[in-house]
Amino acid sequence: MSATSLSASPARRRLPLELIGGWEVGLLLFMALLYIAGIFINPKFFGQPDAFSAVLRDTARFGVMAAGMTFVIVNKDLDLSVGSTYGLVATVFSIAFSTSYYDLGIVPSLLAAIVAGVAVGLINGIFVTVLRVPSFITTLTMLFIGRGLVLGLTGGKTISYGEKATQNGAWFFSIGETNALGFNNQIIIFILVTIVGMFVLAKTRWGYETYATGGNEMAASYAGIPTRRVRIRGYVLSALSATLAGLMAVAQDKGITSQYGQGAELIVIAAVIVGGASILGGRGRLLGGALGAILVTLIDKVLREGIPMTRTMKVGGVEMQVQGMAQLPPGAVPAFLGLILLIAVLIEPWIIRRNVFPRLWARLRGRPLPPVIEVGGVAIEGAQTKGSSASDRSMRARGPLGRFFARRDAAAIVLAVVLWVVGLYLRPDFWGSIDNTFNLMLSFTEVGLLAIGMTYVIANGDIDLSVGSVLALSAATCAFFMKQLGFDPWTAVFLALLAGAAAGVVNAALTVGFGLPAFVATLGMFYMARGIGAWMTAGRQLSAFPESFNLLGRKLIDILTYLGIAPTRDTLLYDLAAAVSVQTIFMVLVAIIAGIVLAKTPFGQMIYATGGNRRAAEYAGINAGRVRAISLVFSALCAACAGVIYVAFLRSFNPSAGQLRELDAIAAVIIGGGSIFGGYGTIIGALAGAAVIALIRALLSLQIILGNGQSLVMPQHWVNVFIGLILMVAVVGDIWLRQNDVLGSIRHFFLARRKSGANHA
């Protein structure tokens with residue numbers, strides 16, 4: 001064949017790389033191998049013809065959410081609120097549709113749910129782009145607010161409407177049913193959303209703008225791309241995807257529980273990252289996210305279904321063969337998913353950008369090595385604290401009162417005092433007693449310890465989303481070694497602190513050693529630590545610990561009595577010892593030491609310098625990596641101490657220990673004057689912020705006596721909504737009132753106008 005005929009022959013057509021590539025092919029091969037392994041492990045499930053259909057059905061909702069999340073992550077953002085949006089949309093629909101609530105028709109109920117979902121997306125987008133709140137803080141706060149709204153609106157109860165669903169809106173509820181072809185209709189929606197999303201992201205202007213914005217937002221902006229609008233659009237698409245997934249869920253279940261959507265954000269983020277998207281933005285395909293969702297669901301199925309086994313049991317001297325399933329204990333699946341998330345995130349900077357496999361292949365063939373892709377640059381430069389006139393005013397303040405109000409933590413201290421006075425006004429018969437005052441201190445000890453460690457991390461410019469889970473891990477370790485293995489209390493306490501420190505070391509290694517963003521590293525630990533804790537205790541509650549250990553959670557008088565040195569009754573010393581708790585004393589000692597180190601030692605100044613401007617700190621000779629690593633380990637140790645105290649105080653361990661405490665700790669530091677961008681934060685301010693949170697919880701649970709003799713108590717389900725809103729206000733206040741000094745700009749504007757008017761006169 002001649003060269004002419006070769007050149008004239010038509011080129012073989014294939015799908016463009018923007019739609020599918022080698023990564024997706026690798027995922028398909030890996031899924032095939034995993035499915036074959038599932039057949040060998042559990043042939044009773046994976047060997048059935050409809051097993052793959054069941055996997056796709058369970059994947060469908062996560063796959064739909066992964067479509068929206070792909071736009072967000074390619075934009076170099078993150079949406080931690082998709083699980084709460086999923087639950088909130090389902091709740092709004094259920095309340096509107098259920099005969100027990102508003103009993104609306106199917107169309108108004110659907111419209112109400114869609115409006116709720118779009119509202120969440122718009123709020124996320126506006127806060128991230130217009131108000132410049134970091135995406136993980138915005139969406140984390142929205143996660144807790146959404147979860148609080150779900151609990152508050154449902155009252156923690158299940159809402160069902162199976163009978164009405166058969167009479168009204170059968171066309172909608174058919175979405176969750178099996179069709180004539182033998183598979184669930186949700187699979188069709190999943191496939192359609194994936195195909196449409198693939199072409200939108202790969203072949204339309206929306207997709208090009210998304211890739212450009214995520215790759216380098218500044219360059220995209222110079223090229224005329226409306227990057228702010230692109231990022232808002234990503235959040236709206238993510239919320240719409242979560243809305244559709246929530247509606248698919250209620251169509252299938254014809255009802256909801258108060259736990260709807262909990263933990264879905266981990267599965268969705270893991271699916272998109274496993275699917276080949278980069279957490280650094282600018283890379284990812286929607287097909288990869290869909291395949292990642294199938295893979296994560298398949299892994300979940302393999303882990304949960306268990307292995308069929310036959311056990312021999314003796315009943316009345318007769319041996320009997322009993323069929324059973326060997327399953328992993330509760331918590332194993334979240335731990336594996338958290339590990340998968342971290343591994344998938346590490347693939348980007350350590351495998352792909354370093355061209356590991358192409359360089360290895362070139363080395364084996366003796367060819368020139370392909371270059372390593374540069375990771376640094378403007379595209380991944382983090383936000384830093386900016387100087388503001390507020391800081392200048394604090395330096396110029398005169399007098400004790402002026403210097404106090406110039407402090408960043410003054411507002412938290414004043415707010416704590418005001419809240420205490422409000423409680424005294426509402427219930428003077430109860431609120432002002434010594435016992436109640438120390439009980440309030442007792443209630444905020446846990447948050448206070450977490451906030452002390454979090455202050456160091458946030459002042460560094462990092463974040464630790466894992467403190468609540470590390471608390472649970474350390475509490476589980478302590479309880480497990482005492483109860484199950486019979487260790488003495490102090491050895492169990494040491495091992496619990498060691499487990500917490502190990503979690504901190506992993507966080508530090510991933511953040512400093514591997515260069516992952518702190519919120520991603522600690523998000524993985526958020527799921528891993530809690531999963532390992534539940535795995536260790538098999539998801540059970542443990543109790544009946546030695547009394548010598550329980551004294552750590554008792555009042556001081558109990559220890560003095562145990563040692564035989566208790567003061568005489570009806571004396572001031574006895575009353576104080578009976579009021580103050582051991583854990584409060586411990587927290588105060590930790591706070592004093594941590595406060596002195598942060599405010600009065602070179603290491604504390606290194607923390608502020610690192611958080612204020614990491615690059616300048618390194619130029620000044622500060623080992624910023626070591627400073628950040630020590631802070632993350634210290635934060636985990638504080639959480640571990642809180643976990644030990646939790647077990648001693650309650651005299652039991654519950655797998656739900658520490659849930660939602662990460663938001664409390666972050667809120668305490670920010671309310672107390674810390675900056676989410678780093679460079680600021682005091683221990684006094686963090687404790688004042690923790691006191692504000694404890695007082696809000698106490699006020700909401702306070703039984704208020706009305707004039708007609710009746711009482712009123714605010715349901716506790718709404719507490720997280722209030723705390724989330726306060727956190728958001730505090731972050732926005734820090735960015736605009738402190739960092740950008742908006743009030744100062746307004747004042748200067750009016751002064752300039754007044755001076756201009758006087759000159760004209």
Side-chain angles (χ1 to χ4, degrees), residues 148 397 399-452 455 555 572 575-576 578-581 583-585 587-588 591 595 663-674 682-734 737-738 743:
L401 201 61
R403 285 195 293 271
F404 171 75
F405 281 107
R407 293 170 57 100
R408 292 172 61 95
D409 51 17
I413 297 171
V414 171
L415 181 57
V417 172
V418 169
L419 289 172
W420 191 87
V421 171
V422 169
L424 184 64
Y425 171 77
L426 293 174
R427 284 293 304 274
D429 58 322
F430 162 75
W431 195 265
S433 66
I434 293 179
D435 281 344
N436 181 64
T437 299
F438 279 103
N439 283 335
L440 286 174
M441 291 186 68
L442 190 68
S443 67
F444 100 102
T445 299
E446 190 178 309
V447 180
L449 278 171
L450 298 180
I452 290 169
T455 302
K555 298 293 179 72
L572 179 61
D575 291 340
L576 286 175
V580 68
S581 65
Q583 61 199 73
T584 301
I585 296 173
M587 186 205 68
V588 170
L663 179 69
D664 287 352
I666 295 169
V669 176
I670 303 302
I671 292 169
T682 64
I683 300 299
I684 294 176
L687 293 180
V692 167
I693 292 171
L695 288 166
I696 289 173
R697 290 187 185 277
L699 287 171
L700 289 177
S701 62
L702 188 64
Q703 188 175 28
I704 302 170
I705 308 300
L706 303 176
N708 57 8
Q710 296 180 342
S711 61
L712 173 67
V713 180
M714 174 71 77
Q716 283 291 298
H717 298 306
W718 299 95
V719 170
N720 292 322
V721 177
F722 282 98
I723 294 174
L725 291 173
I726 290 173
L727 172 59
M728 192 61 76
V729 169
V731 172
V732 172
D734 173 63
L737 300 184
R738 290 174 180 150
L743 295 180

Table please: side-chain donor-acceptor pairs of residues 664-671 below 3.5 Å, with sequence neighbours left out.
{"residue": "D664", "atom": "OD1", "partner": "R697", "partner atom": "NH2", "Å": "3.2"}
{"residue": "D664", "atom": "OD2", "partner": "R661", "partner atom": "NH1", "Å": "2.8"}
{"residue": "D664", "atom": "OD2", "partner": "R697", "partner atom": "NH2", "Å": "2.9"}

Qualifying residues under side chain to side chain contact (heavy atoms under 4.5 Å, CB included), relative to V418, sequence neighbours excluded: V414, V422

Contact summary for M587 and I452, nearest pair of heavy atoms: O-CD1, 4.1 Å

Point-to-point distance, once rounded to the nearest 0.5 Å, from CG of L663 to CD1 of I726: 10.5 Å

Calculate, to the nearest 0.5 Å, the distance between atoms CG and CD1 belonging to L687 and I413 respectively. 10.0 Å

Is a side-chain donor or acceptor of T584 paired with a backbone partner of V580 at a separation under 3.5 angstrom? no

In a table with atom names and distances, give each donor-acceptor pair under 3.5 Å that connects a side chain of residues 688-696 to protein atoms at least two apart or in another chain.
none

Determine whether more than 12 heavy atoms belonging to other residues, nucleotides or ligands lie under 6.0 Å from atom CG of L725. yes

